[in-house]
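Worksheet for the structure shown next.
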Number of protein chains: 2
Amino acid sequence: MKILLDVMGGDNAPDVFIKGAVNTINQLNKDTQIILIGNEELIKERIQTIYKKELNSISDRILIQNATEVITNHELPVEALKTKKDSSLNVAFKMLKENEGDAFISCGSTGAFMAGGLLKVGRIKGIDRPALCPMLPTKDRVGIALLDAGANTNCKPINLLQFAKMGSIYVERTLGIKSPVVGLLNIGEESEKGNQLTKEAFELLKVDSTINFGGNLEARYMFDGNFRVAVADGFSGNIALKTAEGIGRTIKQILTQEFKKGLVRTMGAGILKATGAIDAVGNVLDYHKYGGALLLGVEKTMIKGHGSSKENDVQIFLKQAENFVNSKVVDGIKESLKQEKLT
Amino acid sequence: MKILLDVMGGDNAPDVFIKGAVNTINQLNKDTQIILIGNEELIKERIQTIYKKELNSISDRILIQNATEVITNHELPVEALKTKKDSSLNVAFKMLKENEGDAFISCGSTGAFMAGGLLKVGRIKGIDRPALCPMLPTKDRVGIALLDAGANTNCKPINLLQFAKMGSIYVERTLGIKSPVVGLLNIGEESEKGNQLTKEAFELLKVDSTINFGGNLEARYMFDGNFRVAVADGFSGNIALKTAEGIGRTIKQILTQEFKKGLVRTMGAGILKATGAIDAVGNVLDYHKYGGALLLGVEKTMIKGHGSSKENDVQIFLKQAENFVNSKVVDGIKESLKQEKLT
């Protein structure tokens with residue numbers, strides 16, 4: 001298996017990607033290779049600086065694919081993909097298309113990542129709109145897949161049904177949860193609640209035999225662990241994702257502030273920290289611990305990491321990529337679409 | 001001032017409302033009265049049981065207005081308002097309409113509360129759609145007003161502009177923040193981001209001189225304290241509100257679980273609890289501490305509390321109602337709409 005890793009995107013490029021790859025390679029299957037995509041000269045220079053040796057003496061399963069340009073967050077995605085032919089993203093997309101890579105991880109421009117997935121890597125036949133699908137934390141630490149979390153700001157009911165199918169297969173194959181319960185993210189639990197889109201989508205989801213539809217899911221119950229897939233249009237889904245992220249971050253900051261107020265509190269917090277309690281809470285808060293967001297509905301495994309990702313996150317993404325390819329999620333989605341035609 | 005208090009709605013009716021009123025009355029202005037609306041016989045019986053005396057020997061500023069019926073969350077709002085003429089909600093709406101009450105607080109059916117506000121109490125002329133407006137927590141403990149948080153699932157750009165005006169006046173008059181920064185809740189900060197509604201609303205907000213528009217507000221930055229008003233359609237706004245509530249609740253539960261694991265952790269948590277650190281975090285998490293949600297855009301002060309509200313929450317709602325009436329927010333909204341016509 002070949003995992004392509006964009007070392008040029010994100011706030012901490014390229015070092016965290018290089019270190020993440022080096023730290024993880026021996027934890028992956030023996031036949032898995034990591035291809036670092038980016039400026040070859042820069043990568044070699046950084047490896048020399050960090051490890052005081054050359055790449056081939058570190059691992060023969062980490063390779064470099066040269067790409068001289070970088071697409072930033074500030075560029076218009078489609079435009080940038082057209083002009084920057086030798087960007088790390090374009091190089092990766094080409095490799096995926098030509099079967100020179102099985103999975104791709106990037107922490108760079110989300111817009112260009114999604115546009116490239118759709119236009120260059122290509123949709124799975126039968127899926128109208130690929131969707132961004134992160135895992136969010138749940139009380140029981142298992143997680144819930146949320147899609148679409150931002151790829152499609154305007155959706156039709158049929159898109160939401162397709163999201164439900166893809167999310168179900170993803171959760172079933174990677175988490176091993178048989179027939180995961182799917183919820184329609186909504187403002188109330190009753191079937192008549194919501195806007196035009198959710199009302200129409202509800203009717204489609206209700207009668208589809210390939211998914212285990214549990215009805216409307218109020219955002220406040222999303223983290224309780226009773227649902228494993230939440231479907232939404234990309235606008236609402238993104239609002240939910242970012243709100244969860246924002247409130248989580250705020251709480252962490254306040255915990256830190258409060259725990260520092262006075263010696264006695266500092267002692268109490270010290271004890272909790274020493275026993276790992278604070279970290280345990282932090283881990284649940286931090287949805288990045290659940291891996292990157294998958295772009296579901298494209299022909300290859302594509303994982304989008306947060307721009308602020310660190311070494312440890314990269315490690316998680318790499319394992320997630322391997323797991324996703326091994327679980328044959330893309331094949332699963334294709335099979336599910338075929339079944340549907342037969343029934 | 002007369003504050004009408006629905007003692008029949010919510011999970012903990014009627015006791016928490018009776019206790020909340022009794023505990024708060026002496027903290028309110030000397031000319032403020034609280035009118036308990038509900039089954040008179042039941043209220044008197046509960047007061048006798050709780051306080052071992054009659055209402056008039058407790059306070060002459062707490063009165064009872066009899067209402068024999070209750071509208072539950074399980075009824076269709078408009079239908080229920082039509083059939084249950086003597087419900088606590090209908091009795092309150094009539095009193096508001098006839099100027100026998102200045103403010104109304106209910107923790108009962110949100111749907112019936114909003115429908116009654118619109119149909120029975122009446123819109124402010126110039127406001128097309130009243131909006132539900134809770135305060136959400138921010139890092140600096142000041143809060144941010146979010147509207148619409150669920151009154152209107154489908155909105156037009158003009159509605160969002162009106163929400164922005166109402167929210168600005170609310171925050172300015174009750175929190176004393178001059179020209180509060182207004183953000184348009186969106187999936188990215190750039191002006192071209194979002195769906196059709198946010199793109200069109202952006203153009204309206206940008207050119208309106210009566211508000212201090214700060215541009216698009218990504219949900220993840222909502223709690224940072226840089227914006228004081230967030231405007232959204234009622235669907236997205238509700239998703240944001242409920243997500244924040246859900247993740248907050250989940251974190252609380254996990255904190256509690258983790259802090260109980262083993263003696264040493266329990267000690268650490270005990271220290272933090274004793275010094276008030278845990279409560280401080282809890283208070284920030286708990287957006288109910290910021291009061292109930294206002295129904296902005298109707299002719300009277302209407303506050304919707306959470307169904308699970310407790311005695312302390314009722315206390316907050318009562319003070320909030322008094323503050324809102326004294327701050328003349330309704331008049332402020334009317335003036336702002338007039339100004340607009342003049343300019």
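Here is how names work: the chains are called A, B, and so on, in the same order as the sequence lines, proteins then strands, and each is numbered from 1.
- Counted within 6.0 Å of NZ on B/K199, heavy atoms from surrounding residues, nucleotides or ligands total more than 12; the atom is thus considered enclosed.
- Note that CZ of B/F223 and CD of A/E245 are 10.5 Å apart. Values are rounded to the nearest 0.5 Å.
- Looking at B/I239 and A/T243, their side chains never come closer than 4.5 Å, going by heavy atoms from C-beta outward.
- Here the closest heavy-atom approach between residue B/R220 and residue A/R249 is recorded as O-NH2, 2.9 Å.
- Side-chain contact between A/M222 and B/T250 is absent, with no heavy atoms from C-beta onward closer than 4.5 Å.
- Options B/N195, B/N238, B/D233 differ in how many heavy-atom pairs under 4.5 Å they form with chain A, and the most are formed by B/N195.
- Contacts of A/N186 with chain B are made by both backbone and side-chain atoms, with heavy-atom separations under 4.5 Å.
- When each of B/L185, B/I187, B/N154, B/T153 is scored by its heavy-atom pairs under 4.5 Å with chain A, the top score falls to B/I187.
- B/T198 is listed as a side-chain neighbour of A/F235, based on a closest heavy-atom distance under 4.5 Å.
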